[in-house]
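In what follows, chains are A, B, ... by sequence order, proteins preceding strands, each numbered from 1.
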Amino acid sequence: MHDFFIPVIETAIRLTGIDTSKQIIIEQPSDKKFGDFSTNIALLTAKENRKNPRELAQEIINHLIFPPDTVAKIEVAGPGFINFYLSPVFIMKSVEQVLHDGDSYGKVNPGITKKAIVEYVSANPTGPLTIGRGRGGVLGDCIANILETQGYEVTREYYFNDAGRQMQILGESVRLRYLECCGQTIEFPDTHYKGDYIRDIAENIYNKYSAALVESSDIQIFKNSAEEIIFTSIKKTLDRLSIRHDSFFNEHTLYKPDEAGLTTNQRVIDALRKNGFIGEYDGATWFLTTKLGQEKDKVLIKSSGEPSYRLPDIGYHISKFERNFSMIVNVFGADHIDEYPDVIEALKILGYDTGRIKIAINQFVTTTVDGQTLKMSTRKGNADLLDDLIDDVGADATRLFFIMRSKDSHLNFDVELAKKQSKDNPVFYLQYAHARICSLLRMALQETGFDPSLSSEHHLLQLLTTPAELQLGFALLDYPDMIKTSLRILEPQKMVEYLHSLAEYFHRFYQECPIIKAEADICKARLFLSLATRQVLRNGFRILGVSAPESM
RNA sequence: GUGCCCGUAGCUCAAUGGAUAGAGCAUCAGCCUUCUAAGCUGAGGGUUACUGGUUCGAGUCCAGUCGGGCGCACCA
């Protein structure tokens, strides 16, 4: 609706002859008695123009020209707000638009395709996915879904490294468990992976090779088997939550020389060195971040000659730029919070437009079962596993619970609540609204022969004028704006909140307005309104990755 | 010690710098011979951790204090 209001207001301001350097903001007042939309532009510009805000607001109003049957009332209120009230006809015409657009309602048709990349999960294959990773996975998936509705061609990417020290330790951990399988008594170091899955992998190898590998000190076969088994299990877990990736980017790619014989890592070092940000001491190569005001320099190449994770990370982001993504979204957990500023700084030095990069950091998840909190750590092997959670509460509840709170809030996942098949569980509230509409439409077909596809009768919607109907209609009209907001702040939680209100408005409408029992035209109009509501619920559910049951 | 996140109703959480801070759960009182009561209506419940500052206007921005979480490796 911003596009609807802004040009008209801009014109009016120009006609009043005042300074318009301030940006015009259209907002929805918290209370409907202040209108459907409102702007504070008179308040913002009054001082610099030495005018009384209320008088200025009235002057602006005098020059506002909206198309007929759109804005029913405009008034000055409070200290100088301009409040707009939409006409019922306008609201109901928007509902016709929902029915017309169907699955595309809320989507933006791009003139030029913009490319976006969303990187999420990106767990190295050292163990099964934890609940914490799951939150990031669902968050990333939803952000990617939102981007797709806004005209982006989205690449969903998983970045991983199967070469580093952690993978060595993984291989060693499996080898030790294998030796146990062969009857040896071993001492298991604290630094190694202790989870039961390591034993399973070791047994798997033992079943295949018996004791043939006992003498070999080569851990390659242990590492490789572990990687294969673990990666398969990670993908399977993600699949259960409908989280998918188009591209798995192995860090190894960055170690391959180009035509000039240089690896990406070498190119990064050279470019940073040219700009004076590389130093060599203590046998290592450093990114001189102290020059940027940080406390410590950061190692790029270890004294062993291997790159630290930071160097390929920079190279990886260069690859994102070289693949021409106009928006680059990185989703990761709060434990990686210190990782990205260095990468951004390096990219800035190298001349990349870091404004394209958006970081979405999700805070941790604590799960409570019977009031007890569980904590996770992959290495100690006491991780709370994502698979167990899905087994427990199902995919819909898992997804919805992960994103029904803002990503910045430390999520408290109440397992008992998510398990409940009752109204306490927010998942059911949303799905129930959908199922109820489906049931209603089935009944309507049976009783009145209602045909949802009769678009020639959509104009009947304009007969609807009760507060409950208009409130519901307005919410449907608001859907496209809500998606845009959700994208701007990278926050699918907005969508959950919106759908909750939509469901609530529908239930109220259903309660107050007889539908099948109403007079024929009103009946049709109300069925169309229900149909439009179901459409928006479905579109929203699709973005969140929650199923839309036809009956419950 | 330091960087980031959080502190809002009994509990879990909302609130692009706007008007009287809102939902759900829990508590209490109503609504099914009528399209799904997994629903609806109403009531109670607040010094937005604290102290200053900026602003016409602060839960929101700035400074500081207190409390909780996560980081601060030549691990990723």
Side-chain angles (χ1 to χ4, degrees), chain A residues 25-31 33-34 38 40 43-44 46-47 53 77-81 83 122-124 126 160-161 164-169 191 251 282-286 294-296 298-310 312-313 333-339 341 361-364 366 368 379 404-414 417 420-429 431-433 435-444 446-447 485 488-489 493-494 497 500-501 503-504 506-518 523 526-527 530 551-552:
Chain A
I25 295 168
I26 297 294
E27 60 183 2
Q28 286 185 41
S30 49
D31 193 327
K33 79 180 179 197
F34 298 124
S38 115
N40 60 355
L43 284 162
L44 294 179
K47 199 173 185 184
F81 293 103
N83 295 342
S122 293
N124 286 341
T126 56
F160 71 105
N161 162 18
R165 211 187 102 193
Q166 293 304 326
M167 291 300 291
Q168 294 296 119
I169 292 175
T191 48
E251 183 188 316
D282 295 347
T285 303
W286 301 78
Q294 295 190 26
E295 275 186 39
K296 290 184 230 166
K298 305 290 167 60
V299 171
L300 293 181
I301 299 178
K302 301 184 253 180
S303 52
S304 65
E306 299 170 293
S308 78
Y309 69 92
R310 244 175 273 268
D313 243 22
D335 53 336
H336 287 237
I337 193 96
D338 282 338
E339 192 170 313
I361 294 169
N362 64 280
Q363 292 298 318
F364 271 146
T366 49
T368 56
R379 214 169 302 177
M404 73 183 196
R405 305 298 180 217
S406 143
K407 62 181 184 294
D408 286 332
S409 85
H410 302 250
L411 177 66
N412 193 335
F413 198 118
D414 186 335
L417 177 63
K420 271 192 198 167
Q421 305 275 315
S422 79
K423 63 175 180 174
D424 311 349
N425 189 336
V427 181
F428 287 88
Y429 186 80
Q431 294 182 326
Y432 180 63
R436 204 176 204 188
I437 295 172
C438 290
S439 161
L440 174 68
L441 291 169
R442 281 193 298 268
M443 187 68 76
Q446 200 182 329
E447 300 279 317
T485 303
R488 181 166 47 76
I489 60 177
Q493 185 260 340
K494 278 276 165 226
E497 198 181 311
H500 192 277
S501 318
E504 184 186 334
F506 177 77
H507 288 311
R508 185 174 301 156
F509 156 71
Y510 182 91
Q511 198 77 26
E512 289 181 13
C513 304
I515 300 171
I516 294 174
K517 293 175 173 55
C523 168
R526 287 179 176 161
L527 285 168
S530 305
S551 65
M552 290 171 75

Looking at [N], which nucleotide sits across from it as a Watson-Crick or G-U wobble partner, both distances under 3.5 angstrom, or is there none?
N	value
rC61(B)	rG53(B)
rU34(B)	none
rC11(B)	rG24(B)
rA19(B)	none
rC70(B)	rG3(B)
rG45(B)	none

Spacing of [X] atom [atom1] relative to [N] atom [atom2], expressed in whole Å:
X	N	atom1	atom2	value
His500(A)	rA15(B)	NE2	C1'	16 Å
Gln28(A)	rA15(B)	CD	C1'	13 Å
Lys420(A)	rU12(B)	NZ	C1'	12 Å
Leu411(A)	rG69(B)	CG	P	17 Å
Gln294(A)	rG71(B)	CD	P	19 Å

At 4.0 Å (heavy atoms only), tell me whether Asn161(A) reaches a base, stays on the sugar-phosphate, or touches nothing.
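Since only primed, P, OP1 and OP2 atoms lie under 4.0 Å of Asn161(A), the category is sugar-phosphate.
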Parallel, tilted or perpendicular: which fits the ring planes of His500(A) and Tyr429(A), with parallel below 30° and perpendicular above 60°?
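If you compare the ring of His500(A) with that of Tyr429(A), the planes turn out parallel.
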Identify, with sequence neighbours excluded, every residue that meets side-chain contact (heavy atoms from CB on, under 4.5 Å) alongside Ala435(A).
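Met552(A).
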The single option from Leu300(A), Val299(A), Ile301(A) passing side-chain contact (heavy atoms from CB on, under 4.5 Å) against Trp286(A):
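Single pass found, and it is Val299(A).
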Do Asn124(A) and Gln166(A) touch side chain to side chain, with heavy atoms closer than 4.5 Å?
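No, their side chains stay 4.5 Å or more apart.
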Which letter, B, S or -, goes with each nucleotide of nucleotides 39-47 of chain B from 5' to 3', with contact meaning a protein heavy atom under 4.0 Å?
BSS------
For nucleotides 4-10 of chain B, 5' to 3', base contacts (B), sugar-phosphate-only contacts (S) and non-contacts (-) with protein non-hydrogen atoms under 4.0 Å give SBS----
For the base of rA19(B), is there a side-chain donor-acceptor partner from Ser38(A) under 3.5 Å away?
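When only heavy-atom distances are counted, Ser38(A) does reach the base of rA19(B) through a donor-acceptor pair under 3.5 Å.
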The side chain of Arg165(A) lies closest to which of these nucleotides: rC75(B), rA19(B), rC35(B)?
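Of rC75(B), rA19(B), rC35(B), rC75(B) is nearest to the side chain of Arg165(A).
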Side chain of Lys296(A) only, please: which of rU12(B), rG18(B), rA73(B) is the nearest?
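Of rU12(B), rG18(B), rA73(B), rA73(B) is nearest to the side chain of Lys296(A).
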Measuring to OP1 and OP2 of rC13(B), would you say a side-chain N or O of Ser406(A) lies under 4.0 angstrom away?
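For rC13(B), OP1/OP2 do not have a side-chain N/O of Ser406(A) under 4.0 Å.
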Check whether any side-chain nitrogen or oxygen of Lys494(A) sits under 4.0 Å from OP1 or OP2 of rA15(B), and answer yes or no.
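Looking at the OP1 and OP2 atoms of rA15(B), one of them is under 4.0 Å from a side-chain N or O of Lys494(A).
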